[in-house]
Amino acid sequence: RDSKQMLSDTQVVGSYVLDSKATAARLAGASVVAYALLLTWSFAVADRAELLPSEQRAASTAAAVLLVAVVLRLLERSVRPDVSQGTGIVMLTVHSISCFTAVLLASAPMPQVKDPFTGCRVHLVRWSEWVVLAFLMSFCVEAVDSRSMRAPLSFALKMCISTAAGPVLPFIRGRAMWSLTVGMSIVLFSSIYVRLGAKLRSMKLRPLNWPKGGTPLEREQYRRSVASCKLMGFCALLWTIFVLDFFWAMHKHKHDATLTAGPFVMDCMFDVVSKLCFAVVVGEMHAALPAHFERDYSRWFAEQMNIVWKKAQDVLVISSASPARPGSITTTASASLAALLGAEHAAQFMRPFEHSVAAHLDETPGLDPGKAFLHAISCAWHEVMAGVAHTGVEAVYTCQCTITAAYAQVRTVELHASALADRSAAVIVMRDISDRVARHEVEKRLLQEASEKRFVLESTGRRMDEDANRFTRHEVKNGMLSAMYGFQALRDLHEKAAQTTTSDRGAYDSAFDAKIEELNGMLQRTLDTVLAQAMARDVVQGVYRPRREPTRLDDLLLQEDVQDGRFETAVHPSPFPVLEVDPKLVVHIHRNAVSNACKYGKKGGLVRTELKHDGKTLVMRVCNLPGEGHRRLLALADPAQIFEQGARLHDADTLSAGDGTWIMQKCAQAMGGHCSLSFTEEKTVFEMSCPAIEHVSDATLQQFELPFNVRAIGIDDQAVQLHMLRSIFQAVDVPEDRILLFGCDDGE
C-alpha cells in the first residue's frame, strides 16, 4: 500500500466516486432518510394486513439470512476498516435496509394495497425498500469507473423513477394512466440495456493488448471499465428476472384470483439472492481493483527505477551503514560511473563494495580514479551524517570537488547527498560539471573581453561626441563673433549718423535696415548649423522622421545661393508648385551638393540647380563644370561607391572625413528617395529624387470644378439613403441633369 504514496499525481488515484468514504457516507445517509420517508408514507396511505403463514415463514427466513450478512459485514469492517473504502459502506447500507424490511414484514402486519386492474397485492414496505435500493445499487454499478457524479446520478435516477412506478400503480384509477405509467417505467428501465451496450462497444474499441501495455493508471482504468461492464450485465440479468416475475404474478392472478403466497415468496427469494450476489460481486471487484493497481504500480515503478539506474547521465550512488562493522559503509554505483572513471576502475563499484569512511576520508587520492571516487563518497557521507546528527532530521549536503577520471583527466564533479534521519543510508548523486565549469570560464573571459571592447567603444563614442561638440562650439563661436561684429557695425553706423545732418536720414535708414537683415541672417545660419548637426545624427542612426510641410523650394534654394552670377536655378514647371517636403532635409542635401560642386568642380565655374516635379516625384539636380581629377572620376566603374561611408575620391582634401555624400544619401532615404552621381566629359551631375505631392490649399479647393463629362450614379434601396446621396452629389456641384439615382421602386 506504500506504492500509492509514491505516486506523484495523488488526485488521479482515489479520484473515482466510490473511492471517497465521505461520498459513500453521504449517499448511505440520504438513502436511509429516503427509506424512512417512504415507510412513513406507506403507513399513512394504506391499511395494514397480516401475511399468509407461508409468506411469514419466507419473510422470517429472508430476515435471518440478511441479518447474518449484516453481522458478517460489520465484523469485516471492524477487522479491516479500510476494506473497499466507500463500497463497503454502500453494501452495508444495502444489507441493513433489506434486513430491516424483512424483519418488519415478518414481525407485524404491514401496509398492503390491492391493484385495481391486476388484483395483485402490493406490499408498500417492500416497494419502499426497492425504490431506495434501486437508486443506491445503480449508482454503485455506474460509479465503478466514473470520476464524475453526473453519469452515476443520471443512471440511478432513471432506475429509481422506474421502480417508483410499482407503489404508485395501485393508486391510479384510470386504465390509460395506469398503462402510461407502466410504459414509462419500462422505457426508463430499458436504459440499463442502453448503458450495457455502450460499455460493450467501448470495450470492443480497446486494443487486444491493452491490459499489458500502458501505464498503471491506464491499466487501472481498463480494469475498472471491465468490472463496470460485468456488473452492468449482472444487474441487467437480475433485474430483468425481477421484471419478468412482476408480469408473471400479474398473469397468474389474472387466471387465478385466489389469494396465493407464490409471488411474495418469489419476491423474498429474489430479494435475498440479488442482495447477496450483488454484495459478493461488487465487494470482490472493488476490493480487487486497488490490489491490481498496487501490483501494477510497484512493477512499473521498479521498471522506471531500473531505467533511471541504468540510463541516468548522472552517477547514482547508494551507501548504507554496515551494522556489523561500525565506521564502514556499503556503496553501490549506477552504470554511468563507467563513463566517468572508465569501465576498468568503475566495475568494482557497480556491485556492493564495502569500505571504511575514516580510511578514505583523510587519504590523498593521487592519480588513482578508484581512490578519488571513494574519497569523494567518504567526504559526502561524513558531511551529510554530521548534518543529521546536528539537526536530528533528514539532511542534504552539496559540494563541488575534483577527481581523477579515466586517462588521468581531472574532472570537476558536483555531489548532492541526502541521508535518512536514522543515519542508516544515504543517496548521493554525482554530476560531472567539467564542461559547465569550462563554459563558465570561457563566458567569464568573453565577458571580460566584451567589457574591455565596450569600454573602448564608449571611449571612442565620447571622443566623437567631444569632437562634434567642439565643432558645434566652434561654429556657434563664429556665429556669435559675426553677430558681435554686426552689433559693432550698427553702433558705428549710429554714431556716424549722430554727427551727420538731418538731410542724410534716408541713407541712414536704408543702411540700418541692411545691417539688421545681415545680422538676422548671421544668427539664423548659426541656429541652422546647430539644428543641421542634430538632424544629421538622427538621420544616420535611422530614427529621424521627415517633418513634411508646404514649401516653395525655388524661393528656399534661391535664398541659399549667393547672387553673384555664379549660381543659377531652373524650375519645371514654372511657376514651381508648393510641395509637401521636409525643407531641412532638402536644404541639407542641396547645401552639401553645392558645397561639393564648388569644392571639386571648376574653380569659379557655373553651378546650376534644376528642380523638376511630375506630379508625384521631386527631382533635384546640381550640375557643375569638370574640375581637377575629373578624369579619375570618369574612370570609376561604379559611381555609387561615392555614397558609401568614409568614401574619399580627392586625396588633396585632408579636411573631409568622406561622410558628406553618405549623409546626403541617408537624408534622401529618410524621405523615401535616393541620390546618384553621373560624370560626363562636359559636367558632373548630382541627382536626388524622392516622392513629393503638391500642396493643396483651401483656396485651390474652393476654385476646383468638376469636368463637364462627370456623372454621378447612386444605388440604394432606401429612400432616405437616396436623398443623402443626392445631397452629396449636389454638394460637389454635380448638375441635376447628370445625377442618376436607382432603387426608388421594386423594379429597380
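Computed over heavy atoms, backbone and side chain alike; hydrogens, waters and symmetry mates excluded.
Looking only at distances, no side-chain donor or acceptor of Ser451 sits under 3.5 Å from a matching main-chain atom of Leu447. When atom types are taken as modelled, the side chain of Ser146 and the backbone of Glu142 share no donor-acceptor pair closer than 3.5 angstrom. Distance alone, capped at 3.5 Å, is enough to place a donor-acceptor pair between the Ser190 side chain and the Val187 backbone.
Contact check for Leu105 versus Arg126: side-chain heavy atoms found under the 4.5 Å cut-off. For the pair Gln448/Glu452, a side-chain contact is recorded, criterion being any heavy-atom separation below 4.5 Å from C-beta on. Within the 4.5 Å cutoff, side-chain heavy atoms of Trp127 are placed close to those of Thr163. Within the 4.5 Å cutoff, the side chain of Arg351 has no heavy atoms near those of the Thr332 side chain. Looking only at side-chain heavy atoms (C-beta outward), Ile97 and Val132 come within less than 4.5 Å of each other. Using a 4.5 Å cut-off on side-chain heavy atoms (C-beta onward), His355 and Ser378 make contact. Looking only at side-chain heavy atoms (C-beta outward), Phe139 and Met149 come within less than 4.5 Å of each other.
In this structure, CG in Leu136 is found 14.5 Å from CE in Met159, a value given to the nearest 0.5 Å. Within the model, atoms CG of Asp314 and CE of Met430 stand 10.5 Å from one another, a figure rounded to the nearest 0.5 Å. To the nearest 0.5 Å, atoms CZ (Phe100) and CG (Leu39) are separated by 6.5 Å. Interatomic distance, CG of Leu196 versus CG of Leu231, reported as 11.0 Å (0.5 Å rounding). Atoms CD1 and SG, on Ile89 and Cys140 in that order, are 11.5 Å from each other to the nearest 0.5 Å. Here Asp432 contributes atom CG and Thr412 contributes atom OG1; the two are 8.0 Å apart, rounded to the nearest 0.5 Å.
Remark: Glu449 pairs with no residue by the salt bridge (Lys or Arg N to Asp or Glu O under 4.0 Å) rule, at least two apart or across chains. Every residue was checked against the salt bridge (Lys or Arg N to Asp or Glu O under 4.0 Å) condition with Glu443, not counting sequence neighbours, and none meets it. Residues meeting the side-chain hydrogen bond (donor to acceptor under 3.5 Å, both in side chains) test with Ser334, sequence neighbours left out: Ser336.
A side-chain contact (heavy atoms from CB on, under 4.5 Å) with Ile433 is found for exactly one of His440, Arg439, Glu414, namely Glu414.
Residues Phe135 and Cys160 share a closest heavy-atom pair of CB-CB, 3.8 Å. Between Val317 and Ile377, the closest heavy-atom pair is CG1-CD1, 3.9 Å. Nearest approach of Ser138 to Trp239, heavy atoms of both residues: OG-CH2, 3.2 Å. Looking at every heavy atom in both residues, Lys275 comes nearest to Ser98 through CE-OG, 3.2 Å. Looking at every heavy atom in both residues, Met385 comes nearest to Ala426 through CE-CB, 4.2 Å. Of all heavy-atom pairs spanning Ser128 and Tyr35, the tightest one is O-CD1, 3.9 Å.
Between the side chains of Ser319 and Thr331, a donor-acceptor pair is found at a separation under 3.5 Å. At a cut-off of 3.5 Å, with distance as the only test, no side-chain donor of Ser356 or Ser328 sits close to an acceptor on the other residue.
Within 6.0 Å of atom CZ in Phe155, more than 12 heavy atoms from other residues, nucleotides or ligands are found, so the atom counts as buried in its surroundings. Within a 6.0 Å radius of CD in Glu441, more than 12 heavy atoms belonging to other residues, nucleotides or ligands are found.
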Going through the distances and angles, do Leu38 and Val131 end up as a side-chain contact (heavy atoms from CB on, under 4.5 Å)? CA-CA 9 Å; Leu38 288 174; Val131 170; 4.0 Å; yes
Verdict with supporting geometry, Ile192 and Met232, side-chain contact (heavy atoms from CB on, under 4.5 Å): CA-CA 7 Å; Ile192 192 172; Met232 190 66 72; 3.8 Å; yes
Could you walk me through whether Thr330 and Phe353 pass side-chain contact (heavy atoms from CB on, under 4.5 Å), step by step? CA-CA 5 Å; Thr330 301; Phe353 181 83; over 6 Å; no
Test log, rule side-chain contact (heavy atoms from CB on, under 4.5 Å), inputs Val429 and Leu415: CA-CA 6 Å; Val429 179; Leu415 297 176; over 6 Å; no
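In this structure, Phe349 and Phe373 have tilted ring planes: the angle between them lies in the 30° to 60° band.
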